[in-house]
K.L.:
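Please read through the structure below; I'll follow up with questions.
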Protein chains: 2
Amino acid sequence: MATPDRPGFALPLLLLAGFRALIDDLHAELARHGHTELRPAHGFVLQAVGPAGTTASDLGQRLGVSKQAAGKTVDRLVALGYLERVDDPADARRKLVRMTARGHDGLHRSALVFDELRDRWAATLGADRVAAIEDDLRRMVPADVFRLDVPGWFGG
Amino acid sequence: MATPDRPGFALPLLLLAGFRALIDDLHAELARHGHTELRPAHGFVLQAVGPAGTTASDLGQRLGVSKQAAGKTVDRLVALGYLERVDDPADARRKLVRMTARGHDGLHRSALVFDELRDRWAATLGADRVAAIEDDLRRMVPADVFRLDVPGWFGG
DNA sequence: GTAGGATAGTCAACGTGGTTGACGAAATGG
DNA sequence: CCATTTCGTCAACCACGTTGACTATCCTAC
């Protein structure tokens with residue numbers, strides 16, 4: 001896509017491009033370590049599942065999507081071997097969603113790569129600039145903007 | 001979505017959140033001006049069509065997606081009244097894609113809102129910080145990262 | 001002038017990620 | 001004990017992307 005010719009377009013486009021650059025690098029690196037099927041959204045999901053596990057409904061709430069959408073995503077991650085479903089002994093309605101060993105590995109690897117990418121940015125821009133970007137963004141983004149609903153791009 | 005507990009996760013998440021915050025504000029404002037059906041991706045498409053118009057194939061190349069995907073998106077924008085297709089008098093194979101008056105209005109309005117949002121960021125963070133973010137990101141993003149392929153989030 | 005190859009647009013099938021509505025089974029609380 | 005709530009799932013649908021195949025048109029080379 002061509003870079004924008006209108007001045008105001010630059011900021012959102014650059015934020016998106018920065019995100020994409022990191023995500024593209026992450027997944028290139030993950031693929032090198034055997035995680036070829038992991039998609040960008042999956043990392044968010046693994047992160048949201050967490051070490052303790054959750055249910056599909058709860059996962060949906062954390063990700064800001066419906067329980068049905070969360071369930072489908074869990075299906076895919078289960079098929080890929082990153083998650084597993086186990087019956088909740090305390091409540092027969094619930095099915096706990098837990099990370100498998102592969103899931104833990106993928107999430108751990110992602111964290112390592114992100115740390116390394118941040119270091120790379122710091123090496124180019126300076127650690128203070130990277131920290132400044134993070135601080136500035138934290139001031140500008142509302143707390144509830146960490147959502148994952150992407151029907152036709154974010155919100156709909 | 002919960003904020004990340006791993007340090008390296010913060011940067012990509014904040015970049016995405018910053019983008020989302022701007023986009024959400026943009027579309028709230030666009031809706032207030034009658035553009036309720038315009039989705040985030042549509043602005044990119046209108047931008048890519050440009051004042052001169054294009055063809056679907058060319059649009060696909062500009063957006064980094066297949067000509068079929070570009071054609072479908074054009075279909076939707078045509079249905080919404082933002083684009084129109086006209087036969088190319090010089091080449092019977094081609095169908096020029098052009099912005100309608102509504103399309104121009106939407107794009108123009110987007111530019112105004114983005115400028116205003118950038119001013120708002122500058123008012124909070126300082127104009128120098130905003131400019132620094134843009135400069136830093138320009139240094140870190142490869143030129144070809146402005147793409148629009150979003151099958152399961154960016155790249156696939 | 002015509003044969004052959006490249007290009008533009010479209011159709012079909014499919015994958016992924018989202019939505020709503022409906023429904024059965026299990027838990028919970030008056 | 002029954003009414004309500006909650007959890008998971010099914011079904012239909014939409015937005016956005018993919019590849020492969022096909023037609024129509026244009027261009028070029030013989």
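Each chain gets a letter, A, B and so on, in the order the sequences are listed, and its residues count up from 1.
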K.L.:
Using heavy atoms to find the nearest nucleotide of DNA chain C for A:Lys67 and A:His42 separately, return the residue whose nucleotide is more 5′.
P.N.:
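Nearest-nucleotide comparison on DNA chain C picks A:His42.
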K.L.:
Please report, rounded to the nearest Å, how far the P atom of D:dA24 is from the CG atom of B:Asp88.
P.N.:
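To the nearest whole Å, that distance equals 19 Å.
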K.L.:
How close or far is atom P of D:dC16 from atom CZ of A:Arg39, stated in whole angstroms?
P.N.:
18 Å
K.L.:
Can you tell me how far P of C:dT16 sits from CG of A:Leu63, to the nearest Å?
P.N.:
18 Å
K.L.:
Please name the pair of heavy atoms, one in B:Phe114 and one in B:Leu26, separated by the smallest distance, quoted to 0.1 Å.
P.N.:
CZ-CD2, 3.4 Å
K.L.:
When rounded to the nearest 0.5 angstrom, what is the spacing between CG in B:Leu83 and OG1 in B:Thr100?
P.N.:
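Going from the CG atom of B:Leu83 to the OG1 atom of B:Thr100 covers 6.5 Å.
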K.L.:
Step by step, work out the salt bridge (charged side-chain N to carboxylate O under 4.0 Å, His left out) result for B:Arg139 and B:Glu134.
P.N.:
CA-CA 9 Å; B:Arg139 290 180 62 189; B:Glu134 289 174 346; over 6 Å; no
K.L.:
Please report the interatomic distance CG(A:Leu30) to CG(A:Leu38), rounded to the nearest 0.5 Å.
P.N.:
6.0 Å
K.L.:
OP1 or OP2 of C:dG9 versus the side-chain N and O atoms of B:Ser57: is any pair under 4.0 Å?
P.N.:
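The answer is yes; a side-chain N or O of B:Ser57 sits under 4.0 Å from OP1 or OP2.
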K.L.:
Got a sec: does the CZ of A:Arg98 have more than 12 other heavy atoms crowding it under 6.0 Å?
P.N.:
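Not buried by this count: 12 neighbours or fewer within 6.0 Å.
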K.L.:
Is it the case that A:Tyr82 and A:His35 place a side-chain donor and acceptor less than 3.5 Å from each other?
P.N.:
yes
K.L.:
Which of residues 69-79 of chain A sit near DNA chain D, with a heavy atom under 4.0 Å from it?
P.N.:
A:Lys72
K.L.:
Within the sub-3.5 Å range, which N or O atoms of nucleotides 24-30 of chain C have a protein N or O partner, and how far apart are they?
P.N.:
from	atom 1	to	atom 2	distance (Å)
C:dA27	OP1	A:Ala92	N	2.9

K.L.:
Roughly, in whole Å, what's the span from CD in B:Gln61 to P in C:dA6?
P.N.:
16 Å
K.L.:
Taking atom C1' of D:dT25 as reference, at what distance in whole Å does atom CZ of B:Arg94 sit?
P.N.:
12 Å
K.L.:
Please give, in whole Å, the distance from C:dG17 P to A:Leu38 CG?
P.N.:
11 Å
K.L.:
Considering only C:dG21, D:dG20, C:dG9, which nucleotide approaches the side chain of B:Gln68 most closely?
P.N.:
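Looking only at side-chain atoms, B:Gln68 lies closest to D:dG20.
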K.L.:
For A:Leu80 and A:Glu37, work out which heavy atoms get closest and say how close.
P.N.:
CD2-CB, 3.7 Å
K.L.:
Would a 4.5 Å heavy-atom cut-off, applied to side chains only, mark B:Val130 and B:Arg118 as touching?
P.N.:
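When only atoms from C-beta onward are counted, B:Arg118 and B:Val130 do touch, with a gap below 4.5 Å.
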K.L.:
Please classify the nucleic acid contact of A:Ser66 as base, sugar-phosphate, or nothing, using heavy-atom distances under 4.0 Å.
P.N.:
base
K.L.:
Give a yes or no on whether the backbone of B:Ala48 and the side-chain of B:Arg62 come within a donor-acceptor separation of less than 3.5 Å.
P.N.:
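Here the side-chain-to-backbone pair exists.
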K.L.:
In whole Å, what is the span from the CZ atom of B:Arg62 to the C1' atom of C:dA8?
P.N.:
15 Å
K.L.:
Just compare C:dG18, C:dG9, D:dG8 and give me whichever is closest to any side-chain atom of A:Val65.
P.N.:
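Given the options C:dG18, C:dG9, D:dG8, the side chain of A:Val65 is closest to C:dG18.
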